[in-house]
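Below: the structure, in structure tokens.
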Amino acid sequence: MYSDAQITFGQGKPRNPQGKIRDAEDLGQAIRKRRKKLGLTQVQLADACQCSPRFIGELERGVAGGNIKQVLYVCQSIGLDLYAKGRGEE
């Protein structure tokens with residue numbers, strides 16, 4: 001199960017330095033960081049991805065309700081690779 005060190009109540013969840021995406025908020029932070037590194041505004045990224053700036057903002061905040069195809073397209077457009085692997089696998 002979980003050790004006491006893995007559970008933090010009221011302190012927010014610890015961030016993983018290896019870039020592990022655990023939820024929509026983690027993905028949004030990764031997208032925002034990459035967009036800013038590329039020097040793009042939310043409007044510029046939205047134009048490039050053929051979506052609304054509102055969607056990009058919601059995606060970056062982890063609240064976007066868009067479909068996974070659109071989310072993956074945004075990631076692909078900014079050169080952000082996503083991986084899925086089983087826990088404990090290298």
Side-chain angles (χ1 to χ4, degrees):
M1 198 63 91
Y2 295 101
S3 71
D4 290 339
Q6 292 173 305
I7 300 173
T8 55
F9 295 103
Q11 300 173 8
K13 60 183 177 213
R15 293 287 159 209
N16 187 326
Q18 287 89 19
K20 181 178 178 182
I21 304 295
R22 294 171 293 187
D23 57 24
E25 185 180 336
D26 287 347
L27 179 58
Q29 288 179 0
I31 290 170
R32 176 181 288 126
K33 182 178 177 182
R34 179 68 177 171
R35 174 183 59 78
K36 288 185 174 192
K37 183 176 182 177
L38 294 172
L40 297 172
T41 65
Q42 289 181 344
V43 172
Q44 290 169 325
L45 179 56
D47 287 344
C49 297
Q50 301 174 347
C51 64
S52 71
R54 179 179 174 173
F55 175 75
I56 298 298
E58 289 175 350
L59 183 60
E60 289 184 356
R61 289 191 309 278
V63 297
N67 68 48
I68 190 68
K69 263 178 118 168
Q70 192 172 20
V71 172
L72 293 173
Y73 184 74
V74 169
C75 291
Q76 180 184 22
S77 295
I78 59 174
L80 192 62
D81 295 327
L82 300 178
Y83 296 88
K85 67 178 187 173
R87 290 184 193 107
E89 295 177 2
E90 292 198 37

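Just the heavy atoms: all of them, side chains too, but no hydrogens, waters or symmetry mates, feed the values below. Small disclaimer: the values here were computed from a predicted structure and weren't measured.
- Taking hydrophobic clusters as Ile, Leu, Val, Met, Phe, Trp and Tyr residues chained together by side-chain heavy-atom distances below 4.5 Å, Leu82 shares a cluster with Ile68.
- Legend: residues meeting side chain to side chain contact (heavy atoms under 4.5 Å, CB included) with Ala24, ordered by chain and number and at least two apart, are absent.
- Taking both residues in full, the closest heavy atoms of Pro53 and Ala46 are given as N-CB, 3.5 Å, listed atom of the first, atom of the second, then distance.
- Under a hydrophobic-cluster definition in which Ile, Leu, Val, Met, Phe, Trp and Tyr are linked whenever side-chain heavy atoms come within less than 4.5 Å, directly or via other members, Tyr83 and Leu27 are assigned to different clusters.
- Every side chain to side chain contact (heavy atoms under 4.5 Å, CB included) that Leu38 has, sequence neighbours left out, goes to Arg34, Leu40, Ile78.
- Rounded to the nearest 0.5 angstrom, Leu59 CG and Leu45 CG are separated by 8.5 Å.
- In plain terms, the two heavy atoms of Cys51 and Val74 that are nearest each other are SG-CG2, 4.5 Å.
- A distance-only check finds no donor-acceptor pair linking the side chain of Gln70 to the backbone of Asn67 [under 3.5 Å].
- Legend: side chain to side chain donor-acceptor pair (under 3.5 Å) pairs involving residues 53-63, not counting sequence neighbours, sorted by first then second residue: Arg32-Glu60, Arg35-Glu60, Gln42-Glu60, Arg54-Glu58.
- Two different hydrophobic clusters hold Val63 and Ile31 under the rule that ILVMFWY side chains link at heavy-atom gaps under 4.5 Å.
- Shown here is Gln76, whose CD atom has no more than 12 heavy atoms of other residues, nucleotides or ligands within 6.0 Å.
- By the rule that hydrophobic residues join a cluster once side-chain heavy atoms approach within less than 4.5 Å of another member, Ile21 and Ile56 end up as members of one cluster.
- Counting only residues at least two apart or on different chains, no salt bridge (Lys or Arg N to Asp or Glu O under 4.0 Å) pair has a member in residues 72-84.
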